[in-house]
Protein chains: 2
Amino acid sequence: MSRSVLELRHLRTMLTLQDTGSVSAAAQRLHLTQSALSHQLKALETHYNTQLFDRRRQPLCATQTGQRLLTLAQLVLPAVEEAERELSRMVDGEAGCLRIAVECHTCFDWLMPTMDDFRAHWREVELDIVSGFHADPTSLLLTHRADLAVVSEYEPDPAVFYTPLFRYEIMALLANDHPLAEKPRLSAEDFRDQTLITYPVPDDMLDLVRQVLLPAGINPARRTSELTVAILQLVASRRGVAALPFWAVKSYVDRHYISARPIGEGGLFGELYAVVRQEDAHLPYMADFLHTMREVCASALAGIALLPLVE
Amino acid sequence: MSRSVLELRHLRTMLTLQDTGSVSAAAQRLHLTQSALSHQLKALETHYNTQLFDRRRQPLCATQTGQRLLTLAQLVLPAVEEAERELSRMVDGEAGCLRIAVECHTCFDWLMPTMDDFRAHWREVELDIVSGFHADPTSLLLTHRADLAVVSEYEPDPAVFYTPLFRYEIMALLANDHPLAEKPRLSAEDFRDQTLITYPVPDDMLDLVRQVLLPAGINPARRTSELTVAILQLVASRRGVAALPFWAVKSYVDRHYISARPIGEGGLFGELYAVVRQEDAHLPYMADFLHTMREVCASALAGIALLPLVE
DNA sequence: AAAAAACATGATTTTGCCTCATGTTGTAAC
DNA sequence: GTTACAACATGAGGCAAAATCATGTTTTTT
């Protein structure tokens, strides 16, 4: 039993046979001998047990069954060429797909301008944001469910390429007339009897909890909200206190809508990194996106410090 | 320069790799060794200069470029299978295409009922009538522009298979009060001063002209019409005389709308044959169509004689 | 850390495709 | 009709692609 003899080569032969109307001419165009095509055709005809071309007269013409295979060839071969062309553009890093996984809510503030800028320069790259929040964005990369992740921790891994983005201060946010606003800076202890307003994410994604409150054994009451402005509104109306990146709320503080105070002795800082698969790091569009991210952050976010590029 | 390495085999491998998530499992399903697939994949990756599957972890998953080829495979492979299934039905003579070329106008009267009957039994056979009238319908068969022709002359040809249909009388048609209606039969000479009403076809397709008038050197005035009823109307209103197959006009004669008279001593007769390509003659649907034609003619046409089947 | 499973790789064998040489068939010219 | 020509068919043989085998490397599991 000979499983499936049909190959793309045969479809190419059939199409050329149809175009040229002769075996010899088709052979010439395919850089093969007349004999080769004759054998090829005979093999197909034997396999399908039907004549595919009527070779009794010139120009030779397809039989009904031959026509059916020609129809197939006309569908398949252009699709193959199209795929190979696109593949080559992908390899060259002109076309591609850039799915971004984000683990912090506030990142959208600078991610959107970055994407807008990028889209204008790389029309053939499909941009997308991977919906939902994930425990370990790096594993999304390695399972090819995302192509870039924004993370707050750097863990060395040879399969992966990190680009440092920036360092920012996380400030405690209080209503202007809140008693704690008297203090120049807050300590872990200050949060004990407060209601803490956060995004609805696990504790280990909240820098304040993980780095300050948890070590001090303090676990204040909670309230959550998806939107940054909603959190600020709650703070302003004295429903609780929050801790957010300063750059995300600076404009509100400047307008005295709320007050901001450093947390702990030297302040509480976070860092952000972009991480991509090692093999994608040097694709032109990927390198450009990484570069654009830093540019946009530096110019759009007040009070941050770009981290130095390594390597 | 290695021209196009991609073959259907590779697309099958890719799809199976995706399905199973492992090289070994895919190899098993394709009845190949793990090594074979590994080599195959490497060859593709070398050719396109890109990794197609990320094999660092289990289950292995496609890269962006791999995804693009998988998309191609998902389009192409089902199309190939569909084509092969249909091909096999065509070879078995269950499916196919039956384009009919006709050289006589009146044939539609019995061809339509034949096609209706046939269509009900062979849903997978595409029926069509080749439009326009052609000098040599047999050449339409041999150039695969038609699959069956109805002709009035039998010329032996090994590439072609004839099925005799029926013999019919061609009668002269006259207005009831036409002077010639006095005669029991008409001779060539009787047409000399008449206007002859015919279909708009070349002379050698008109049996009366070719077999009777031309040999006698008689060339009467002409008038043409596409439709049989229109011709009869012209005859009835004494604009001229006509000569048509008796079966086509018998009902009008029976109702004394017009009169019919035999032509020449023994009468003028025509014969019809169906002709198909030799290689198609034994396809089930073709054999059935040929059989149905005779059945329908025998039962629907008055005053004809089925010709004996030969061979 | 060891064992097991899965993938990669080089050498070798096998298969199948192409070419060459020649035969056959169909077509055009005389 | 015969000859000449062009196009396709066919069998044998060579060669290269593709499969296998044996073994090494990597990854996963316990």
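Side chains included, hydrogens not; waters and symmetry mates left out as well; all remaining heavy atoms used. Residue numbers begin at 1 in each chain, while the letters A, B, ... track the order of the sequences.
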Exercise. Any chance you could list the contact pattern along nucleotides 12-30 of chain C? Use B for base contacts, S for sugar-phosphate-only contacts and - for none, protein heavy atoms under 4.0 Å, 5' to 3'.
Key: -----SSBB-----SS---

Quiz prompt | OG1 on A:Thr50 to CD on B:Glu279, rounded to 0.5 Å | solution = 9.0 Å

Exercise. Quick one: which residue pairs count as a salt bridge (charged side-chain N to carboxylate O under 4.0 Å, His left out) with a foot in residues 15-26 of chain B, not counting sequence neighbours?
Key: B:Asp19-B:Arg29

Practice problem: Kindly compute the distance separating CG (B:Leu11) from CD (A:Glu7), expressed to the nearest 0.5 Å. | Solution: 9.0 Å

Self-check item: A:Lys42 side chain near D:dT10 phosphate (N/O to OP1/OP2, under 4.0 Å)
Solution: yes

Quiz prompt | Inter-end axis angle, the helix from C:dA1-D:dT30 to C:dC30-D:dG1, with every axis fitted to five base pairs (rounded, 10 degrees) | solution = 40°

Quiz prompt | Spacing of B:Met286 atom CE and B:Phe161 atom CZ [to the nearest 0.5 Å] | solution = 10.5 Å

Quiz item: Rounded to whole angstrom units, what separation is found between the CG atom of A:Asp54 and the P atom of D:dA7?
Solution: 17 Å

Quiz item: If you round to the nearest 0.5 Å, how far is CG of A:Asp92 from CG of A:Leu283?
Solution: 10.0 Å

Self-check item: Atom pair distance, as rounded to whole Å: CG in B:Leu44 and C1' in D:dA17
Solution: 14 Å

Practice problem: Give me the ring orientation class for A:Tyr154 and A:Tyr273: parallel if the planes are under 30° apart, tilted from 30 to 60°, perpendicular past 60°. | Solution: tilted

Quiz item: Taking only N and O in the side chain of A:Ser38, is any of them less than 4.0 Å away from OP1 or OP2 of D:dA9?
Solution: yes

Exercise. Indicate, with a heavy-atom threshold strictly under 4.0 Å, whether B:Ser22 touches base, sugar-phosphate, or nothing.
Key: sugar-phosphate

Practice problem: Let me know the distance between CG of B:Leu41 and P of C:dC7, rounded to the nearest Å. | Solution: 11 Å

Quiz item: Does atom CD of A:Gln28 have more than 12 heavy-atom neighbours, drawn from other residues, nucleotides or ligands, at distances under 6.0 Å?
Solution: no

Practice problem: Kindly compute the distance separating CG (A:Asp280) from OG1 (B:Thr63), expressed to the nearest 0.5 Å. | Solution: 8.5 Å

